[in-house]
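Comments concern the structure below.
Computed from heavy atoms alone, side chains included, the values below leave out hydrogens, waters and symmetry copies. We count ligands from 1, going down the list as the structure has it; atoms in each ligand are counted the same way. In this chain, numbering begins with 1 at the start of the sequence shown.
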Amino acid sequence: MEGINFNQYGVTFKGSGSYVPGQILTNQKISQKVDTSNEWIQSRTGISERRISSVEDNVTEMGYKAALTAIEMTNWDIKTIDLIVLATSTPHDLFGSAPSIQAKLGATNAVAFDLTAACSGFLFALITASQFLKGGSFKRAIVIGADQLSSFVDWNDRRSCILFGDGAGALAIEATNEFDNFIGFDMRTDGGRGSFLNLPSKKNKGSIVDEIDFLNGGFSPIQMNGQEVYKFAVKEVPLILEKLLKKMKYNSDQVDWLLLHQANQRILDSVGERLKIPREKILSNLEKYGNTSAATIPLMMDEAVRDCRIKQNDIIATSGFGAGLSWGAALIKWG
Ligand code: COA
């Protein structure tokens, strides 16, 4: 970090990685469990199948494997990583899973912590890590999005269980004093609408001794008002992206890729239409993975980087949104 002026730091994207568990739950298989059909799920969501973690595939394991593949794309010595931020709502350890990932990687010089913002989590983590880099505190960071919502889905609720899957993705980012590929961002929260999507703690009262009670740990399954979440997404996501593009003086035709949180193909199409971004520029892999919460954005980004759709200097407009309610957007240049 020596010799670099504080005000001159920018962010460069050096690597991407991902991991998905091997078990494939198709729409046909879900229809053996709840009253639904492949046709219904496909037409309402665009999802065909999703990955489900086995007992061994927890968030620490998935996040570690995604981070390792991102690091392999760089030429970094693992000991030079300063920061690991894990976005997750489903940690393997409620005290934090990022430290276990740090230990497994052998990134002994990195500080590592979890960040929870549901489906906005990866974007919020990327923005958080970028601020440390731009501020001059750290040089190299790994940002991971990993979730295992299959453990918290009500597998008898056909309105929500069809949507979610498990997986992990990661990006390796670095501070540079030559340019800034993290062009701009915006973040929002509206806790007043939080009841539309929750993974709440169980109201399970215990007693320690006479007159001293306590709340037993544990969570109830995901509760979702699908229609309200849908309306929120198709309204707020285009607004925040439009505002960001305007602020950074970009037109939507300068955007090479629209990379939205992969919640529902109809949401992706609607946002694309509103921003006048053609379908071929909208990245989508939710047909294969469904909504993997904090993992969707880096999982999609890694796929598109590896198959060479995303090229050096491509402009990517990205947006995460979901429970909280929270949402955000970032404009980045790959490379
Ligand atoms: N299979 C068959 N029928 C189903 C069904 C399923 N899996 N899920 C719901 N239905 C039925 C409902 O019971 C309802 O039947 P009714 O009219 O007889 O009462 C009908 O389909 C319509 O339900 P509705 O909830 O209005 O469907 P929808 O068009 O809003 O689609 C979602 C439901 C969940 C796909 C959609 O609301 C959505 O994607 N919302 C956003 C959710 C989201 O992205 N959450 C995560 C955000 S990060």
| Quick one: do Asp307 and Arg309 make a salt bridge, cutoff under 4.0 Å? | yes
| field | Ionic contact status for Lys134 with Asp180, cut-off 4.0 Å | value | yes
I need the nearest protein heavy-atom contact for [atom]: residue, atom name and distance, please.
atom	answer
atom 35 (C) of ligand 1	Thr45 CG2, 3.7 Å
atom 25 (O) of ligand 1	Gln227 NE2, 4.0 Å
atom 44 (O) of ligand 1	Ala263 CB, 3.5 Å
atom 1 (N) of ligand 1	Thr36 OG1, 2.6 Å
atom 46 (C) of ligand 1	Asn291 ND2, 3.6 Å

Heavy atoms, side chains only, cut-off 4.5 Å: are [X] and [Y] in contact?
X	Y	answer
Leu86	Val59	yes
Thr318	Ile297	yes
Phe124	Thr116	no

Show the atoms of ligand 1 that are less than 4.0 angstrom away from any heavy atom in [X].
X	answer
Ile162	7 (N)
Asn264	38 (C), 39 (O)
Asp35	1 (N), 2 (C)

| remark: Residue set satisfying salt bridge (Lys or Arg N to Asp or Glu O under 4.0 Å) with Asp253, at least two apart, ordered chain then number -> none
| task | Could I get the full list of salt bridge (Lys or Arg N to Asp or Glu O under 4.0 Å) partners for Asp314, not counting sequence neighbours? | result | none
Measuring from [atom], which candidate in [options] has the nearest non-hydrogen atom?
atom	options	value
atom 7 (N) of ligand 1	Arg158, Glu39, Gln265	Arg158
atom 23 (O) of ligand 1	Arg266, Arg159, Arg44	Arg44
atom 31 (O) of ligand 1	Tyr230, Trp40, Phe321	Trp40

| query | Passes salt bridge (Lys or Arg N to Asp or Glu O under 4.0 Å), Glu242 versus Arg274? Steps please. | reply | CA-CA 9 Å; Glu242 272 170 355; Arg274 174 75 187 274; 3.3 Å; yes
| task | Return yes or no for this condition: an N or O of Gly226 is under 3.5 Å from an N or O of ligand 1. | result | yes
| query | Is ligand 1 less than 4.0 angstrom away from at least one heavy atom of Val229? | reply | yes
